[in-house]
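Presented below is the structure to which this report refers.
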Amino acid sequence: MAVNSKQDYQRIWHTIAAIPSGRVASYGQIGELAGYARGARLVARALRYAPVEMNLPWHRVLNAQGKIAIPASSPSYKEQARRLATEDVPFISGRVDMSRYRWQPDLDELIWGPLAFDTGTLTEGSDE
DNA sequence: AACGTGACGAGGA
DNA sequence: ATCCTCGCCACGT
């Protein structure tokens with residue numbers, strides 16, 4: 001799980017790129033989805049190293065509290081808040097309600113995506 | 001090589 | 001809710 005090559009970063013970048021518009025994710029969440037448990041700080045670094053040409057939806061990544069993780073004095077802070085507003089993600093009192101806007105890949109796919117037709121997998125997973 | 005530093009997070013006081 | 005302490009781990013000194 002050690003991050004020591006560009007491929008590791010690309011893995012994280014790819015996960016970030018998958019966050020749909022109107023949704024947000026926490027650093028820790030991206031880490032887990034990308035396969036790096038407890039890799040929140042690594043995600044932060046990957047984001048900092050991300051080439052701008054990649055055009056990643058960096059603004060959809062917030063900390064676990066739903067707050068923007070960069071200093072409020074930073075110009076990027078306002079830019080991030082602006083982008084969130086553009087996507088109709090309420091940024092109130094300096095934070096996003098993660099309980100409502102957090103990206104939930106599995107659930108999204110079950111409800112909105114193609115997997116909605118594959119309900120058979122639900123009944124088969126009798127592991128409870 | 002040792003040490004301090006984060007676009008982090010969880011838990012305790 | 002706020003502040004502090006730790007765990008985390010690649011980086012730059």
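In what follows, chains carry the letters A, B, and so on, assigned in the order in which the sequence lines appear, proteins first and then strands, with residues in each chain numbered from 1.
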Could you go step by step and tell me if Tyr36(A) and Asp8(A) meet the side chain to side chain contact (heavy atoms under 4.5 Å, CB included) rule? CA-CA 9 Å; Tyr36(A) 301 96; Asp8(A) 293 293; 2.8 Å; yes

Pair up each side-chain donor or acceptor in residues 85-96 of chain A with any protein partner under 3.5 Å, not counting sequence neighbours, and list the distances.
| from | atom 1 | to | atom 2 | distance (Å) |
| --- | --- | --- | --- | --- |
| Thr86(A) | OG1 | Arg82(A) | O | 3.0 |
| Glu87(A) | OE1 | Gly22(A) | N | 3.2 |
| Glu87(A) | OE1 | Arg60(A) | NE | 2.9 |
| Glu87(A) | OE2 | His59(A) | NE2 | 2.9 |
| Glu87(A) | OE2 | Arg60(A) | NE | 3.2 |
| Glu87(A) | OE2 | Arg60(A) | NH2 | 2.6 |

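- Applying the side chain to side chain donor-acceptor pair (under 3.5 Å) test to residues at least two apart or on different chains, none of the pairs has a partner in residues 65-77 of chain A.
- In this structure, the side chain of Gln80(A) engages the main chain of Val61(A) through a donor-acceptor pair within 3.5 Å.
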Using nucleotides 2-4 of chain B, report all nitrogen or oxygen pairs with the protein that are shorter than 3.5 Å.
none

Trace of the side chain to side chain contact (heavy atoms under 4.5 Å, CB included) decision for Leu47(A) with Tyr27(A): CA-CA 10 Å; Leu47(A) 210 40; Tyr27(A) 289 83; 4.1 Å; yes

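- Comparing Tyr49(A) and Lys67(A) against DNA chain C, the residue whose closest nucleotide sits nearer the 5' end is Lys67(A).
- Leu84(A) is not listed as a side-chain neighbour of Tyr101(A), based on a closest heavy-atom distance of 4.5 Å or more.
- Side-chain contact check for Ile16(A) versus Pro57(A): some heavy-atom pair is nearer than 4.5 Å.
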Whether each nucleotide of nucleotides 7-13 of chain B has a protein heavy atom under 4.0 Å at its base (B), only at its sugar-phosphate (S) or at neither (-) is summarised, 5' to 3', as BBSS---

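- In the region residues 81-97 of chain A, proximity to DNA chain B at under 4.0 angstrom, judged on heavy atoms, holds for none of the residues.
- Regarding Arg38(A), its CZ atom lies at a distance of 13 Å from the P atom of dG7(C), rounded to whole Å.
- Evaluation of the salt bridge (charged side-chain N to carboxylate O under 4.0 Å, His left out) rule for Arg11(A) yields no partner, not counting sequence neighbours.
- Contact check for Arg102(A) versus Ser26(A): no side-chain heavy atoms found under the 4.5 Å cut-off.
- A donor-acceptor distance shorter than 3.5 angstrom exists from the side chain of Trp13(A) to the backbone of Ala46(A), with no hydrogens or angles considered.
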